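Have a look at the structure below before the remarks.
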Amino acid sequence: MQQLLAPIHQFLQFKTPEQWIAFAKQPDNLSVLLIDHCNCELKAAQTAMLLIRKYAVDKDNADELLAWLKPYEDFVYRGIGEGQFNGQHNGLKRVIKANGEHPIGDDLVNKMVLLIKEELHHFQQVLEIMQARDIDYQNLTASRYARGLMKHVKTHEPQTLIDKLICGAYIEARSCERFAALAPHLDEELQRFYISLLRSEARHYQDYLTLAEKLAGKDISDRVRYFGQVEAELVSTVDNEFRFHSGVPQGVARQSEVAQDRSCA
Ligand SMILES: [Fe+2]
Ligand SMILES: [Fe+2]
């Protein structure tokens, strides 16, 4: 596990604050944690799908991708179904191919289709855990985190996609770091589940970063570092909403401690 986490800890510029972990592990906050985690898994699938649809496939493939996601979106946004997906994360009816018009189209499709499949599976796994614990799915407001990263994305291509891919890498890396940080404080079932997610989330972070580097065709470490600073600011400052990717929970923040914890290593 340490081997898996070492590059993640090096990539992130700030370790999840102890105050966030202390808040997240409280039994009263477990429902929000799980609901938001569940929601994040679907959002991760949607974001990846949006990238493929925007940059890499023709309309037939785009429609096929939308149909793949529809039962999940029907459940979450329209309250349709019981939340039983019976392995539909494997339910793509054909092999999705890039349309050949984008320089990293093939890679984007290959990596993102696998990522979507895994995120949908994670979504189902979290939902099953929630169902077993009588926690109903709810639509929670999104945290400031993803929005806070995305607002720094440039508006001209190819930089727009490069920036979005870097943001994707940070979101995945942070998820991975938080699963590992939280696991020891949770009950045995959740502990096992969160540890089981580490490998795929670590690969997702790596895939996003590799795609960004490939598209740029040059060193992007300055841009990566820039988003790393933005990300560190979002997780290290006081946040009035508690979510999976939120900052220091309001009311428990002790800035002196936060300041002392400025290293991720
Ligand atoms: Fe996931
Ligand atoms: Fe992921």
Side-chain angles (χ1 to χ4, degrees), residues 1-41 43-44 118-119 122-123 125-126 129-130 133 140 142-146 148-149 167-206 208-209 227-239 241-265:
M1 189 161 109
Q2 287 317 313
Q3 218 175 355
L4 199 76
L5 289 171
I8 302 267
H9 287 161
Q10 217 167 17
F11 181 66
L12 296 171
Q13 295 184 19
F14 197 91
K15 195 168 108 185
T16 284
E18 285 302 323
Q19 294 99 320
W20 185 89
I21 296 171
F23 197 83
K25 73 181 186 188
Q26 289 173 25
D28 284 355
N29 297 325
L30 188 66
S31 297
V32 172
L33 183 80
L34 288 176
I35 294 168
D36 193 54
H37 174 191
C38 194
N39 211 5
C40 285
E41 297 290 0
K43 281 198 192 133
E118 291 175 339
E119 305 297 18
H122 298 164
F123 171 85
Q125 288 177 297
V126 190
I129 289 173
M130 286 166 49
R133 296 172 185 228
L140 295 176
S143 69
R144 67 182 187 179
Y145 179 79
L149 281 170
C167 289
Y170 272 105
I171 296 169
E172 296 286 348
R174 180 60 66 188
S175 302
C176 191
E177 187 248 4
R178 287 211 163 164
F179 290 138
L182 253 183
H185 305 283
L186 300 174
D187 60 69
E188 212 183 310
E189 181 191 35
L190 283 176
Q191 197 171 122
R192 225 176 313 117
F193 175 51
Y194 276 14
I195 298 292
S196 78
L197 295 177
L198 295 184
R199 195 166 297 279
S200 52
E201 304 304 354
R203 177 164 31 77
H204 296 167
Y205 132 75
Q206 197 62 62
Y208 270 119
L209 196 59
F227 275 101
Q229 284 162 5
V230 173
E231 204 269 348
E233 186 75 17
L234 287 164
V235 296
S236 63
T237 52
V238 177
D239 198 336
E241 240 172 354
F242 168 65
R243 296 288 184 266
F244 195 83
H245 291 103
S246 56
V248 176
Q250 203 170 34
V252 298
R254 284 185 295 234
Q255 286 306 314
S256 57
E257 282 180 21
V258 175
Q260 280 166 15
D261 214 7
R262 267 235 166 243
S263 151
C264 199

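In this text, all values refer to a predicted model and were calculated from it rather than measured experimentally.
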Under the ring pair (Phe, Tyr, Trp, His ring centres under 6.0 Å) rule, collect the residues that match up with Tyr170, sequence neighbours excluded.
Phe11
Output all residues satisfying side-chain hydrogen bond (donor to acceptor under 3.5 Å, both in side chains) with Ser143, sequence neighbours left out; order by chain, then residue number.
none
Measure across Cys176 and Leu5 and return the closest heavy-atom pair with its distance rounded to 0.1 Å.
SG-CD2, 4.1 Å
Which atom names give the shortest non-hydrogen contact between Val230 and Gly148, and what distance separates them?
CG1-O, 3.7 Å
Please assess Tyr145 against Arg243 for the test side-chain contact (heavy atoms from CB on, under 4.5 Å), listing each intermediate value before the final yes or no.
CA-CA 9 Å; Tyr145 179 79; Arg243 296 288 184 266; over 6 Å; no
Any donor-acceptor pair under 3.5 Å linking the side chain of Glu177 with the backbone of Thr16?
yes
My understanding is that only residues two or more places apart in sequence, or in another chain, count here; which of them pass salt bridge (charged side-chain N to carboxylate O under 4.0 Å, His left out) with Arg178?
none
For Phe227, which residues count as a ring pair (Phe, Tyr, Trp, His ring centres under 6.0 Å) partner, sequence neighbours excluded?
none
For Ala169 and Leu209 the tightest heavy-atom approach is CB-N, 4.0 Å
Would you mind reporting whether Glu119 and Glu201 have side-chain heavy atoms less than 4.5 Å apart?
yes
side-chain contact (heavy atoms from CB on, under 4.5 Å) between Phe123 and His37, worked out:
CA-CA 8 Å; Phe123 171 85; His37 174 191; over 6 Å; no
With a 3.5 Å cut-off and sequence neighbours excluded, list the donor-acceptor pairs that the side chains of residues 181-188 form with protein atoms.
unit_1: Asp187; atom_1: OD1; unit_2: Arg133; atom_2: NH2; d: 2.9
unit_1: Asp187; atom_1: OD1; unit_2: Glu189; atom_2: N; d: 3.2
unit_1: Asp187; atom_1: OD1; unit_2: Leu190; atom_2: N; d: 3.1
unit_1: Asp187; atom_1: OD2; unit_2: Arg133; atom_2: NH1; d: 2.9
unit_1: Asp187; atom_1: OD2; unit_2: Arg133; atom_2: NH2; d: 3.2

Hey, is the main chain of Phe242 close enough, under 3.5 Å, to the side chain of Trp20 for a donor-acceptor pair?
no
Residue set satisfying salt bridge (charged side-chain N to carboxylate O under 4.0 Å, His left out) with Glu41, at least two apart, ordered chain then number -> none
Rounded to the nearest 0.5 Å, what's the gap from OG1 on Thr237 to CD on Gln250? Could you check?
11.0 Å
Can you name the nearest heavy-atom pair linking Gly247 to Asp239, along with the distance?
N-OD2, 2.9 Å
How far does CG of Leu149 sit from CZ of Arg174, to the nearest 0.5 angstrom?
10.0 Å
Does Ser236 form a side-chain contact (heavy atoms from CB on, under 4.5 Å) with Val248? I'd like the steps, not just the answer.
CA-CA 6 Å; Ser236 63; Val248 176; 5.5 Å; no
Are any non-hydrogen side-chain atoms of His122 and Ser200 less than 4.5 angstrom apart?
yes
The criterion is side-chain hydrogen bond (donor to acceptor under 3.5 Å, both in side chains); which residues satisfy it with Glu172, sequence neighbours excluded?
His204
What I'd like to find out is whether the side chain of Phe193 reaches to under 4.5 Å of the side chain of Gln125, using heavy atoms alone.
yes
What is the distance from atom NZ of Lys43 to atom CD1 of Ile171, rounded to the nearest 0.5 Å?
10.0 Å
With sequence neighbours left out, what residues match Arg203 under side-chain hydrogen bond (donor to acceptor under 3.5 Å, both in side chains)?
Glu118
Check whether any side-chain heavy atom of Ser175 lies under 4.5 Å from a side-chain heavy atom of Tyr205, and answer yes or no.
no
Minimum heavy-atom separation for Ala232 to Gln13, with atom names?
CB-CB, 4.2 Å
Heavy-atom side-chain proximity of Arg144 to His245 below 4.5 angstrom
no
The reported gap from OG in Ser246 to CG in Leu234 (rounded to nearest 0.5 angstrom) is 10.5 Å
Going by atom type alone, with no hydrogens or angles, which donor-acceptor pairs under 3.5 Å involve a side-chain atom of residues 28-36 and a protein atom two or more places apart or on another chain?
unit_1: Asn29; atom_1: ND2; unit_2: Phe23; atom_2: O; d: 2.8
unit_1: Asp36; atom_1: OD2; unit_2: Phe244; atom_2: N; d: 2.8

